[in-house]
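If you're wondering where the values come from, they're calculated on a predicted model, not measured in any experiment.
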Amino acid sequence: MARFDGKVALVSGAAGGIGRAVAERLAGEGAAVVGCDLLPVTDGVVCDVRDEASCASAVAAVLERHGRLDVLANVAGIGIARTLAALAPDEWRRVIDVNLTGTFLLSQCALGPLLESRGTIVNMASVAGLRATPYNAAYCASKGGVIMLTKSMAIELAKAGVRVNAVCPASVDTPFLRGFELPEGADLALLTRAASPMGRVVDVAEVAGAVAYLASDEAATISGTTLVIDGAATS
(Lines give C-alpha, C1' and ligand atoms only; values in the text may rest on other atoms or scores of the structure.)
Protein backbone atom coordinates (compact mmCIF):
# COMPACT_ATOMS: atom_id res chain seq x y z
CA MET A 1 0.00 0.00 0.00
CA ALA A 2 1.20 3.54 -0.78
CA ARG A 3 -1.62 5.74 0.42
CA PHE A 4 0.79 8.55 1.31
CA ASP A 5 3.02 8.72 -1.75
CA GLY A 6 4.04 12.35 -2.29
CA LYS A 7 2.71 13.43 1.10
CA VAL A 8 4.59 14.84 4.09
CA ALA A 9 3.75 14.08 7.72
CA LEU A 10 4.81 15.56 11.05
CA VAL A 11 4.44 13.20 14.03
CA SER A 12 4.92 14.37 17.62
CA GLY A 13 6.03 11.98 20.35
CA ALA A 14 7.95 10.04 17.71
CA ALA A 15 10.86 8.94 19.92
CA GLY A 16 8.99 5.85 21.10
CA GLY A 17 5.72 4.06 21.78
CA ILE A 18 2.69 5.04 19.73
CA GLY A 19 4.42 8.01 18.12
CA ARG A 20 7.22 5.88 16.72
CA ALA A 21 4.73 3.30 15.46
CA VAL A 22 2.69 6.01 13.72
CA ALA A 23 5.80 7.51 12.10
CA GLU A 24 6.93 4.10 10.87
CA ARG A 25 3.46 3.22 9.54
CA LEU A 26 3.11 6.47 7.58
CA ALA A 27 6.64 6.13 6.21
CA GLY A 28 5.92 2.53 5.25
CA GLU A 29 2.98 3.74 3.21
CA GLY A 30 5.03 6.27 1.29
CA ALA A 31 5.00 9.45 3.37
CA ALA A 32 8.04 11.62 4.00
CA VAL A 33 7.89 11.71 7.79
CA VAL A 34 9.48 14.13 10.20
CA GLY A 35 9.24 13.02 13.80
CA CYS A 36 9.51 15.42 16.70
CA ASP A 37 9.99 14.83 20.40
CA LEU A 38 11.84 16.11 23.44
CA LEU A 39 14.21 13.20 22.87
CA PRO A 40 16.29 12.95 19.69
CA VAL A 41 14.57 11.25 16.75
CA THR A 42 16.44 9.91 13.74
CA ASP A 43 16.02 12.44 10.91
CA GLY A 44 13.63 14.31 13.20
CA VAL A 45 13.60 17.51 15.21
CA VAL A 46 13.59 18.28 18.91
CA CYS A 47 10.33 19.90 19.93
CA ASP A 48 8.68 20.78 23.24
CA VAL A 49 4.99 20.86 22.34
CA ARG A 50 4.31 23.02 25.39
CA ASP A 51 6.24 25.86 23.78
CA GLU A 52 4.83 27.84 20.86
CA ALA A 53 8.23 28.81 19.47
CA SER A 54 9.40 25.19 19.58
CA CYS A 55 6.28 24.06 17.70
CA ALA A 56 6.75 26.76 15.10
CA SER A 57 10.37 25.71 14.65
CA ALA A 58 9.34 22.09 14.09
CA VAL A 59 6.85 23.06 11.40
CA ALA A 60 9.40 25.36 9.79
CA ALA A 61 11.89 22.47 9.65
CA VAL A 62 9.34 20.32 7.83
CA LEU A 63 8.69 23.04 5.27
CA GLU A 64 12.39 23.70 4.78
CA ARG A 65 13.04 20.02 4.07
CA HIS A 66 9.94 19.12 2.06
CA GLY A 67 8.14 22.32 1.10
CA ARG A 68 4.74 21.17 2.29
CA LEU A 69 2.81 19.46 5.08
CA ASP A 70 -0.14 17.12 4.52
CA VAL A 71 -0.55 15.19 7.78
CA LEU A 72 -0.10 16.21 11.40
CA ALA A 73 -0.29 13.44 14.00
CA ASN A 74 -0.38 14.86 17.53
CA VAL A 75 0.78 11.86 19.56
CA ALA A 76 2.98 13.38 22.29
CA GLY A 77 1.49 12.70 25.69
CA ILE A 78 2.21 11.98 29.33
CA GLY A 79 0.29 10.74 32.36
CA ILE A 80 0.72 10.43 36.09
CA ALA A 81 -1.15 8.32 38.64
CA ARG A 82 -2.04 10.26 41.75
CA THR A 83 -4.91 10.39 44.18
CA LEU A 84 -6.79 13.65 43.88
CA ALA A 85 -5.45 14.79 47.25
CA ALA A 86 -1.84 14.07 46.26
CA LEU A 87 -1.93 15.57 42.76
CA ALA A 88 0.30 18.63 42.86
CA PRO A 89 -0.73 21.70 40.84
CA ASP A 90 2.51 21.61 38.84
CA GLU A 91 1.85 17.95 37.95
CA TRP A 92 -1.66 18.86 36.84
CA ARG A 93 -0.37 21.70 34.69
CA ARG A 94 2.34 19.57 33.08
CA VAL A 95 -0.13 16.88 31.95
CA ILE A 96 -2.58 19.47 30.63
CA ASP A 97 0.22 21.43 28.95
CA VAL A 98 1.65 18.42 27.09
CA ASN A 99 -1.52 16.54 26.21
CA LEU A 100 -4.00 19.33 25.52
CA THR A 101 -2.16 22.61 25.07
CA GLY A 102 0.57 20.86 23.09
CA THR A 103 -2.01 19.45 20.69
CA PHE A 104 -3.46 22.92 20.23
CA LEU A 105 -0.11 24.68 19.77
CA LEU A 106 1.34 22.28 17.21
CA SER A 107 -1.94 22.26 15.29
CA GLN A 108 -2.08 26.05 15.29
CA CYS A 109 1.51 26.33 14.06
CA ALA A 110 0.84 23.77 11.31
CA LEU A 111 -2.44 25.30 10.21
CA GLY A 112 -1.05 27.47 7.40
CA PRO A 113 0.60 24.68 5.40
CA LEU A 114 -2.26 22.28 6.15
CA LEU A 115 -4.73 24.77 4.70
CA GLU A 116 -2.57 25.02 1.58
CA SER A 117 -2.47 21.24 1.12
CA ARG A 118 -6.03 20.66 2.35
CA GLY A 119 -4.41 18.25 4.76
CA THR A 120 -5.49 16.42 7.87
CA ILE A 121 -4.85 16.30 11.61
CA VAL A 122 -5.13 13.19 13.76
CA ASN A 123 -5.03 13.75 17.51
CA MET A 124 -4.25 11.14 20.13
CA ALA A 125 -7.04 11.13 22.68
CA SER A 126 -7.95 8.16 24.90
CA VAL A 127 -10.86 6.19 26.27
CA ALA A 128 -9.92 8.03 29.49
CA GLY A 129 -11.45 11.08 27.83
CA LEU A 130 -14.71 9.20 27.33
CA ARG A 131 -15.00 7.15 30.51
CA ALA A 132 -13.22 8.27 33.64
CA THR A 133 -10.67 6.20 35.52
CA PRO A 134 -9.57 6.81 39.10
CA TYR A 135 -6.21 8.28 40.11
CA ASN A 136 -6.04 9.85 36.66
CA ALA A 137 -7.77 13.22 37.00
CA ALA A 138 -5.30 15.29 34.99
CA TYR A 139 -5.00 12.71 32.21
CA CYS A 140 -8.77 12.25 31.93
CA ALA A 141 -9.31 16.00 31.84
CA SER A 142 -6.62 16.47 29.19
CA LYS A 143 -7.91 13.73 26.92
CA GLY A 144 -11.51 14.85 27.28
CA GLY A 145 -10.25 18.25 26.22
CA VAL A 146 -8.48 16.77 23.20
CA ILE A 147 -11.73 15.18 22.07
CA MET A 148 -13.66 18.45 22.24
CA LEU A 149 -10.76 20.38 20.71
CA THR A 150 -10.83 17.90 17.84
CA LYS A 151 -14.54 18.39 17.27
CA SER A 152 -14.33 22.18 17.42
CA MET A 153 -11.40 22.27 14.98
CA ALA A 154 -13.19 19.88 12.63
CA ILE A 155 -16.26 22.10 12.40
CA GLU A 156 -14.25 25.28 11.95
CA LEU A 157 -11.98 23.86 9.25
CA ALA A 158 -14.47 21.71 7.34
CA LYS A 159 -15.17 24.19 4.53
CA ALA A 160 -11.44 24.84 4.17
CA GLY A 161 -10.90 21.17 3.43
CA VAL A 162 -8.84 20.28 6.51
CA ARG A 163 -10.09 17.19 8.33
CA VAL A 164 -9.51 16.70 12.07
CA ASN A 165 -10.10 13.43 13.91
CA ALA A 166 -9.02 11.71 17.11
CA VAL A 167 -8.08 8.16 18.04
CA CYS A 168 -9.17 6.94 21.46
CA PRO A 169 -7.25 3.83 22.46
CA ALA A 170 -7.56 1.95 25.71
CA SER A 171 -4.38 0.74 27.43
CA VAL A 172 -1.65 0.29 24.80
CA ASP A 173 1.34 -2.01 25.16
CA THR A 174 4.10 0.60 25.43
CA PRO A 175 6.95 1.39 27.85
CA PHE A 176 4.69 4.13 29.19
CA LEU A 177 2.08 1.57 30.24
CA ARG A 178 4.60 -0.93 31.56
CA GLY A 179 6.17 1.73 33.76
CA PHE A 180 2.86 3.10 35.05
CA GLU A 181 2.55 2.77 38.82
CA LEU A 182 -0.65 3.16 40.80
CA PRO A 183 -0.58 5.19 44.00
CA GLU A 184 -0.13 3.34 47.27
CA GLY A 185 -3.42 2.01 48.61
CA ALA A 186 -5.19 2.20 45.25
CA ASP A 187 -8.57 0.47 45.19
CA LEU A 188 -8.18 -2.07 42.38
CA ALA A 189 -11.93 -2.64 42.26
CA LEU A 190 -12.32 0.89 40.87
CA LEU A 191 -10.12 -0.04 37.91
CA THR A 192 -12.18 -2.96 36.65
CA ARG A 193 -14.44 -0.64 34.64
CA ALA A 194 -11.49 0.04 32.32
CA ALA A 195 -10.87 -3.63 31.53
CA SER A 196 -11.40 -4.78 27.95
CA PRO A 197 -13.89 -7.63 27.40
CA MET A 198 -11.33 -8.98 24.94
CA GLY A 199 -8.95 -9.53 27.83
CA ARG A 200 -5.89 -7.85 26.33
CA VAL A 201 -4.25 -4.49 25.83
CA VAL A 202 -4.04 -2.74 22.48
CA ASP A 203 -0.97 -3.18 20.26
CA VAL A 204 0.80 -0.03 19.00
CA ALA A 205 0.44 -1.28 15.42
CA GLU A 206 -3.35 -1.27 15.82
CA VAL A 207 -3.31 2.36 16.91
CA ALA A 208 -0.91 3.31 14.12
CA GLY A 209 -3.20 1.62 11.61
CA ALA A 210 -6.15 3.65 12.85
CA VAL A 211 -4.18 6.89 12.57
CA ALA A 212 -3.09 5.99 9.04
CA TYR A 213 -6.66 5.26 8.01
CA LEU A 214 -8.01 8.55 9.36
CA ALA A 215 -5.15 10.45 7.70
CA SER A 216 -5.69 8.75 4.34
CA ASP A 217 -7.95 9.67 1.45
CA GLU A 218 -10.03 6.60 2.29
CA ALA A 219 -11.44 8.66 5.16
CA ALA A 220 -12.09 11.70 2.94
CA THR A 221 -15.51 12.45 4.44
CA ILE A 222 -14.64 11.57 8.03
CA SER A 223 -13.98 14.56 10.28
CA GLY A 224 -14.74 15.38 13.88
CA THR A 225 -14.94 11.73 14.86
CA THR A 226 -13.33 9.80 17.70
CA LEU A 227 -12.25 6.32 16.64
CA VAL A 228 -12.38 4.18 19.77
CA ILE A 229 -9.99 1.20 20.04
CA ASP A 230 -10.88 -0.53 23.30
CA GLY A 231 -12.25 -4.03 22.69
CA ALA A 232 -15.76 -2.84 23.66
CA ALA A 233 -14.68 -1.55 27.09
CA THR A 234 -16.72 1.64 26.74
CA SER A 235 -19.70 0.01 25.00
Q | Nearest-0.5 Å distance that lies between atom CG in D70 and atom CD in E116 | A | 10.5 Å
Q) CD of E184 to OG1 of T83: how many Å apart, nearest 0.5 Å? A) 10.5 Å
Q.
Looking at E91 and R82, is any side-chain nitrogen of the basic one under 4.0 Å from a carboxylate oxygen of the acidic one?
A. yes
**Q.** Interatomic spacing from OG1 in T120 to NZ in K7 - rounded to 0.5 Å
**A.** 8.5 Å
Under 3.5 Å, which donor-acceptor pairs link side chains of residues 158-166 to any protein atom two or more places apart or in another chain?
from, atom 1, to, atom 2, distance (Å)
R163, NE, A219, O, 3.4
R163, NH1, L214, O, 2.9
R163, NH1, A219, O, 2.9
R163, NH1, I222, O, 2.9
R163, NH2, L214, O, 2.9
R163, NH2, S216, O, 3.0
N165, OD1, G224, N, 3.1
N165, OD1, T225, N, 3.0
N165, ND2, I222, O, 2.9

Q) Between L157 and L111, does a side-chain contact (heavy atoms from CB on, under 4.5 Å) hold up when you go through it step by step? A) CA-CA 10 Å; L157 299 174; L111 186 55; 3.9 Å; yes
Q. Just checking, is any N or O donor in the side chain of N74 or S107 under 3.5 Å from an acceptor N or O on the other one?
A. yes
Q | Check: N136 side chain, C140 main-chain N or O, donor-acceptor pair, under 3.5 Å | A | no
Q. Within the distance-only criterion (no hydrogens, no angle test), does the side chain of Y135 pair as donor or acceptor with the backbone N or O of L84 below 3.5 angstrom?
A. no
**Q.** Student check: side-chain heavy atoms of V122 and V167 closer than 4.5 Å
**A.** yes
(Q) If only side-chain N and O atoms count, and only distance matters, is there a donor-acceptor pair under 3.5 Å linking S54 with D48? (A) no
**Q.** Hphob cluster co-occupancy, I18 + V228, side-chain heavy atoms under 4.5 angstrom
**A.** no
Q: Identify whether the distance between the nearest side-chain nitrogen and carboxylate oxygen of R65 and D43 falls below 4.0 Å.
A: no
Q) Can you tell if the side chain of L130 reaches within under 4.5 Å of the side chain of K143, non-hydrogen atoms only? A) no
Q. Is the closest side-chain donor-acceptor distance between T150 and N123 under 3.5 Å?
A. yes
Q | Residues which pass side chain to side chain contact (heavy atoms under 4.5 Å, CB included) with A110, listed by chain and number, not counting sequence neighbours | A | V59, L69, L72, L114
